Amino acid sequence: MQLLSWIDRIPWAILILGAVFLALAPFPFPPSAQPHLLEKLYLLFQGGLTKPIDIFDLLFHSSLPILLIIRITRRVF
């Protein structure tokens with residue numbers, strides 16, 4: 001599929017490091033704090049994701065992990 005061929009040109013290292021960094025941000029977090037991505041996913045499933053800034057934050061922190069999943073899927077299939 002030519003539409004997604006630009007994803008194949010992104011180096012694996014950048015995707016993996018970026019996905020881990022964005023999924024676990026903010027750094028350093030206290031032992032009792034959750035990473036933003038987990039916090040926003042929890043809000044989404046609880047129905048509490050209503051503020052535009054929270055929706056943007058979810059999209060931002062999940063962007064590279066989603067691209068990594070797409071890249072892995074394209075590689076496998």
Side-chain angles (χ1 to χ4, degrees):
M1 183 187 283
Q2 295 298 328
L3 182 64
L4 297 176
S5 64
W6 62 272
I7 293 175
D8 297 332
R9 292 190 301 266
I10 302 172
W12 281 102
I14 290 175
L15 274 179
I16 293 170
L17 290 174
V20 169
F21 181 75
L22 282 179
L24 296 178
F27 296 107
F29 49 87
S32 63
Q34 286 184 323
H36 278 344
L37 184 58
L38 292 178
E39 180 183 343
K40 300 306 176 191
L41 286 173
Y42 178 75
L43 279 174
L44 178 68
F45 290 123
Q46 296 299 318
L49 198 68
T50 56
K51 296 180 200 171
I53 191 70
D54 290 334
I55 296 168
F56 171 77
D57 205 28
L58 173 65
L59 293 174
F60 176 72
H61 285 281
S62 63
S63 60
L64 281 179
I66 289 172
L67 284 178
L68 180 61
I69 291 169
I70 292 170
R71 176 83 186 264
I72 291 170
T73 304
R74 286 179 56 82
R75 178 80 171 178
V76 169
F77 298 109

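Keep in mind it's a predicted model, so treat the numbers as computed, not measured.
- Residue pairs meeting the side chain to side chain donor-acceptor pair (under 3.5 Å) criterion with at least one member in residues 40-51, sequence neighbours excluded, are Lys40-Asp54.
- For the atom pair CD1 of Ile55 and CG of Leu43, the computed distance is 10.5 Å after rounding to the nearest 0.5 Å.
- Each side chain to side chain donor-acceptor pair (under 3.5 Å) pair with one or both residues in residues 57-69, not counting sequence neighbours, appears once here: Asp57-His61.
- Each of Ile53 and Leu44 belongs to its own hydrophobic cluster when Ile, Leu, Val, Met, Phe, Trp and Tyr are linked at side-chain heavy-atom distances under 4.5 angstrom.
- The CD1 atom of Ile14 lies 14.0 Å from the CZ atom of Phe21; values are rounded to the nearest 0.5 Å.
- Nearest heavy atom pair, residue Ala23 against residue Leu37, reads O-CB, 3.7 Å.
- Residues Phe45 and Ile66 do not share a hydrophobic cluster, defined by chaining ILVMFWY side chains whose heavy atoms lie under 4.5 Å apart.
- Hydrophobic clustering (ILVMFWY, side-chain heavy atoms < 4.5 Å, transitive): Leu49 and Phe56 are in distinct clusters.
- With rounding to the nearest 0.5 Å, the separation of NE2 in His36 from CG in Leu38 is 11.5 Å.
- Between atom CD1 of residue Ile10 and atom CD1 of residue Ile70 there is a gap of 9.5 Å, rounded to the nearest 0.5 Å.
- A donor-acceptor contact shorter than 3.5 Å is absent between the side chain of Arg74 and the backbone of Ile7.
- When hydrophobic clusters are built by joining Ile, Leu, Val, Met, Phe, Trp and Tyr residues whose side-chain heavy atoms come closer than 4.5 Å, directly or via intermediates, Val20 is not grouped with Leu58.
- Put simply, CG on Leu22 and CG on Leu17 are 11.0 Å apart, with the number rounded to the nearest 0.5 Å.
- In this structure, Trp6 is a member of the same hydrophobic cluster as Ile72, with clusters built from ILVMFWY side-chain heavy atoms closer than 4.5 Å.
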